[in-house]
Amino acid sequence: MSQPASPAPDNCIFCKIAAGKIPSRKVYEDEDIFAFHDINPWAPVHFLMIPKAHIASMAQVGQEHEALLGRMMALAPRLALAEGCRPYPEGGFRIVTNTGAEGGQEVHHLHVHVMGGPRPWLKG
Ligand code: AMP
Ligand code: ZN
């Protein structure tokens, strides 16, 4: 069971980025999904994919989000290649979604980290 969704807080930085109210280096945008470069990259390629709608974390995901999350996962490899990750299997990328305090989540708007490029990386 997912935890109940809460309304978007007024101060959600990723809601503001998705709405263009805070500048970001955009990677991709459609009606439901926004992707932008992480401001503090751990890897040569490091961008974040977010739903435009506010979902606090993976803990709030329910059946109604299956299509959205499926689209995000299917889009990630395309964007990774477009952003400079080398093709699988020599290249590839890492997908990470931190959830909750013990999961290392700092920004409480669901986001998928997509990281890649030649190693070593700063982290991960
Ligand atoms: P997490 O720890 O999974 O919640 O990751 C939050 C990520 O958001 C970190 O990697 C930050 O560097 C990144 N971040 C925070 N603020 C911004 C911003 N304004 N633009 C781009 N990335 C950001
Ligand atoms: Zn938000």
Side-chain angles (χ1 to χ4, degrees):
M1 275 290 273
S2 61
Q3 294 179 14
S6 48
D10 291 340
N11 60 354
C12 176
I13 186 168
F14 284 1
C15 279
K16 289 183 181 165
I17 285 177
K21 290 178 186 158
I22 289 181
S24 68
R25 285 176 57 218
K26 184 162 86 175
V27 166
Y28 175 85
E29 179 173 15
D30 66 29
E31 206 174 271
D32 304 313
I33 298 168
F34 194 87
F36 55 102
H37 290 278
D38 196 294
I39 206 165
N40 192 14
W42 310 348
V45 176
H46 186 174
F47 61 89
L48 305 174
M49 301 177 71
I50 62 173
K52 284 188 172 175
H54 183 85
I55 305 170
S57 81
M58 284 299 292
Q60 283 73 31
V61 166
Q63 276 185 339
E64 68 275 27
H65 301 117
E66 283 176 1
L68 172 67
L69 292 191
R71 285 196 53 232
M72 286 172 71
M73 284 300 112
L75 185 59
R78 266 180 46 204
L79 298 185
L81 282 178
E83 289 306 311
C85 293
R86 293 193 306 136
Y88 172 93
E90 295 81 11
F93 50 86
R94 171 175 280 190
I95 289 177
V96 171
T97 298
N98 299 322
T99 305
E102 292 181 348
Q105 185 179 8
E106 289 174 3
V107 177
H108 289 263
H109 178 127
L110 174 61
H111 54 281
V112 174
H113 293 259
V114 182
M115 290 160 283
R119 287 180 178 269
W121 297 354
L122 225 54
K123 281 204 273 184

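Remember, it's 1-based here, ligands and their atoms both numbered in the order they're listed. Quick caveat, the model's predicted, so the values are computed rather than measured.
Relative to atom 3 (O) of ligand 1, the option among H108, Q105, H111 with the closest non-hydrogen atom is H111. In the candidate list I13, V96, D38, D38 is nearest to atom 13 (C) of ligand 1, counting heavy atoms.
Residue-level proximity to ligand 1 for I22 is absent, since no heavy atom of it falls below 4.0 angstrom. Under 4.0 angstrom from ligand 1, the non-hydrogen atoms of L48 all belong to its side chain.
Distance from atom 4 (O) of ligand 1 to its nearest protein heavy atom, with residue and atom name: E106 N, 2.7 Å. Given atom 8 (O) of ligand 1, the protein heavy atom at minimum distance is F14 CZ, 3.5 Å. Nearest protein neighbour of atom 2 (O) of ligand 1, counting heavy atoms only, is G104 O, 3.1 Å. Looking only at protein heavy atoms, the nearest one to atom 23 (C) of ligand 1 is I39 CG2, 3.5 Å. Protein heavy atom nearest atom 18 (C) of ligand 1, with residue, atom name and distance: I17 CD1, 3.8 Å.
Those atoms of ligand 1 that come under 4.0 Å of a heavy atom in H113, given as number and element, are 1 (P), 3 (O), 5 (O), 7 (C), 10 (O). Atoms of ligand 1 lying under 4.0 Å from any heavy atom of N98, numbered from 1 in the order shown and given with element: 1 (P), 2 (O), 3 (O). Shown in contact with N40 at under 4.0 Å from a heavy atom are these atoms of ligand 1, numbered in order with element: 12 (O). Counting the atoms of ligand 1 from 1 in the order shown, those under 4.0 Å from a heavy atom of H37 are 21 (C).
Pairing each heavy atom of G117 with each of C85, the nearest pair is N-SG, 4.3 Å. The shortest heavy-atom contact between C15 and A8 is SG-CB, 4.1 Å. In this structure, G84 and V45 approach most closely via the heavy-atom pair C-CG2, 4.1 Å.
With sequence neighbours left out, Y28 forms a side-chain hydrogen bond (donor to acceptor under 3.5 Å, both in side chains) with D30.
The structure places NE2 of H54 at 5.0 Å from SG of C12, a figure rounded to the nearest 0.5 Å. Note: L68 CG to K52 NZ = 11.5 Å, rounded to the nearest 0.5 Å.
Within the 3.5 Å criterion, the main-chain N or O of W42 finds a donor-acceptor partner in the side chain of H46. Judged by distance alone, the side chain of E83 and the main-chain N or O of H37 form no donor-acceptor pair under 3.5 Å. For the pair H113 (side chain) and H111 (backbone), a donor-acceptor distance under 3.5 Å is absent.
Aromatic ring pairs are classed by plane angle as parallel below 30°, tilted from 30° to 60° and perpendicular above 60°; the pair F36 and F34 is tilted.
Looking at F36 next to ligand 1, no N or O pair under 3.5 Å apart turns up.
Using a non-hydrogen distance threshold of 4.0 Å, S24 does not register as a contact of ligand 1.
Rounded to 10°, the angle formed at the Zn ion (ligand 2) by ND1 of H54 and SG of C12 is 110°.
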